[in-house]
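Numbered from 1 within each chain, the chains take letters A, B, ... in sequence-line order. Computed over heavy atoms, backbone and side chain alike; hydrogens, waters and symmetry mates excluded.
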Amino acid sequence: MPIIEIIFYLFSTVLVLSALSVITVGNAIHAVLFLILSFFSAACIWILLQAEFLAITLVLVYVGAVMVLFLFVVMMLDINVTSAKEGFARYLPAGVLVSLAMAVQLFLVIWTRGMETVPMPAAEGEDYSHTSAIGELLYSEYLYAFEIAAVLLLVAIIAAISLTHRRRPETKYQDPSRQVRVKREERLRIIKMKSEGEEG
Amino acid sequence: MIEQLTTLLWTMTKITMIVLPVTIGVAYFTYFERKVLGYMHSRRGPNRIGPLGLLQPFADVFKMLFKEVIVPTNANKFLFLLAPLLSLAPALAAWAVVPFDDWLVLADIDAGLLMILALTSLGVYGILLGGWASNSKYALLGGLRAAAQTVSYEIAMGFALVGVIVLSGTLNLTAIVEAQAGNIFTWYWLPLLPLFVIYFVSGVAETNRAPFDVAEGESEIVAGFHVEYSGAGFAVFFLAEYANMILVSAIAALLFMGGWLSPFAGIPVVGETILGEGGVHWFLLKTVVFCFLFLWFRATFPRYRYDQIMRLGWKVFIPITIVWIMVAGVFRVMGWFGG
Amino acid sequence: MQAVTRYLRSLMLLELFQGLAVTWRFGTAPKITLNYPEEKTPTSPRYRGLHALRRYPNGEERCIACKLCEAVCPALAITIESHNRDDNTRRTTRYDIDLFKCIYCGFCEESCPVDSIVLTDIGEYHMEDKSEKVVDKQQLLAIGDRFEESIAANRAQDARYR
């Protein structure tokens, strides 16, 4: 077996196992960590496919930023495990339905396409740059889709900010730029006056 | 098979050739820090062990290694022991794509700059998990602070690097340095001066160094994320912090100060002598200067308050970087500065 | 307009550069710290360090067991027992100083009519066991014999102010 296949099966095993662990482990922090591990393994598989730009971006965006915030939030939550397990029987039918639907979909995809093996992408020359290839595609062929996605993200940012941002008059806070701008003349008044003993 | 094995061995040798000097550099960086801080405090700094105290770092290392590793009660032992390694590994791995000279680089990959950004953003997991696994409120607070700070400044840092990418038109670090060739004024510090300043200050914030060291904040949360660590675990956290500082300095030297290019190149008389030739020594010299800046900042500036750090990152740095990326775009279109 | 100039000024980071200049100035200034064991600050002849009992030049111990030092000692660190010697002079049989009790005030030296008990300028001494905190007569005399030269020199230097 060529070494590249060993590496592939290694990472895909880790990926599947860690993805399974995300939904089975009890501790929420551990679940987040397993999610990070699965992202990593996915990135490694992408690197095997010579898509190093996408792989690094996956690590940079999801592992480096999004999951840090996830972990940040989960660490501050006080999750009650027993109450989370309470509604299990009630939600079971809906859950089974959804998972059945997904299983059927997956099955259909595999059924129609068959278990064909996709060949490794052909190795490109030394100065072939996947990064610029992706860039050229994004900014020519898929420009509209790309711009629409960007606008959607912008709308989402503005919506998120406007939904959560509110003036709270009861909180006290300092405005550093106003603090820095304070001048001596505004705070201090020097008065000439006689000392107490002088008047007699 | 034999061929693969020799490639593997040769790569391992090269990795050792990079990791070992970096580790020794870290050791002497701690010595350098104590000396510089001492001098700026009108003290002498360490001067007892060896001539001029030069063996002090080794004494410290042995002291750390012989100390007992204490795991707090109810701490998550696995994560507690893993966290220091998680913070050290990315700091060392990022050196793989750093070019020391135009031929001297371990992995001359296409998206080198992205690789470095991705790896430096991973270092925060060690801090975050170390803080959480310690089962201590101070450590948890330190970890949370570090995470919030790193995520905020990563954006400013990334945007500052976008300016470099716009001017050079590549993500490959070697190509970025070569795009700066010419003389000292074609290096990117001049056209991208605001981005250069923002990059370095964000780098200071990313590595949780003074004046942005609220993650340690010894006056309010004792030592932050590493309050429960002793012995080897503490030493590894220390190693990671300093390796990250050296890395940030090296990247600043590469992206804005022309890497291994000589500052005398392009000057009529001096530039034609040996001084005008680029080489590893110029790169190392520039890195050391940036490392010194870290220490100088620490000796000079008082710690920022937490809300001031957030304000600086989000309300000052990010708007400035966005504006200057536009300016860099104009430079690029007009064909000024390389391009 | 004022707001704009203020904004631009803050972007130039002038105050930060001022701060950096201060630390640079101190960093490059010559250091006045002494490398202690090799270099030492000069000590005054009045320095009050380790105790010693002196002798006359002919070898006779000075102390006449008047017990003035024992009486004046505010910390009760001195313990003296005396007897009459064969030549019918009074001498101490025991002269103990508890170094942990002693506050190095120098009253014993000032009260001594024969300049016997003195505080030398030795500031560096240690003990490895708690029992060594009490120095007895023999040890005190030995210290006096060993450092008589510097003790006498310091006394001579300070004599005209006494």
For atom CD of A/Glu186, decide whether the heavy atoms of other residues, nucleotides or ligands shown that lie under 6.0 angstrom number more than 12.
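Count over threshold, so yes.
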Okay, side chain of B/Gln149, backbone of B/Phe212: is any donor-acceptor separation there less than 3.5 Å?
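Yes; at least one donor-acceptor contact below 3.5 Å.
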Got a donor-acceptor contact below 3.5 angstrom from the B/Asn244 side chain to the B/Thr120 backbone?
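No, the answer is negative, given that no donor and acceptor are paired below the 3.5 Å cut-off.
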Name the one of A/Phe11, A/Phe70, A/Phe34, A/Tyr62 that satisfies ring pair (Phe, Tyr, Trp, His ring centres under 6.0 Å) with A/Phe39?
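Only one option passes, and that is A/Tyr62.
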Against chain B, label A/Leu33 side chain, backbone, both or neither, depending on which of its atoms sit under 4.5 Å from a heavy atom there.
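The answer is the side chain of A/Leu33.
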Apply the side-chain contact (heavy atoms from CB on, under 4.5 Å) test between B/Val204 and each candidate in B/Phe301, B/Phe297, B/Tyr199; give the one that qualifies.
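Going through the options one by one, the only one that passes is B/Phe297.
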Heavy-atom pair with the smallest gap, counting every atom of B/Leu247 and B/Ala94
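Heavy atoms of B/Leu247 and B/Ala94 come nearest at CD2-CB, 3.5 Å.
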Is chain A contacted by the side chain of [X], its backbone, both, or neither, given a heavy-atom distance below 4.5 Å?
X	value
B/Leu119	neither
B/Asn172	neither
B/Leu114	both

Could you please state which residues from residues 156-164 of chain A sit under 4.5 angstrom from chain B, measuring non-hydrogen atom to non-hydrogen atom, sorted by number, or 'none'?
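If one takes a 4.5 Å heavy-atom cut-off, no residue of residues 156-164 of chain A lies near chain B.
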To the nearest 0.5 Å, what is the distance between CH2 (B/Trp132) and CG (B/Asn76)?
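If we round to the nearest 0.5 Å, B/Trp132:CH2 and B/Asn76:CG are 5.0 Å apart.
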With under 30° as parallel and over 60° as perpendicular, where do the rings of B/Tyr229 and B/Phe80 fit, or are they tilted in between?
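Because their plane-to-plane angle is under 30°, the rings of B/Tyr229 and B/Phe80 count as parallel.
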Quick one: of B/Leu79, B/Leu128, B/Leu117, B/Leu171, who has the most non-hydrogen atom pairs under 4.5 Å with chain A?
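Most heavy-atom pairs within the cutoff with chain A belong to B/Leu128.
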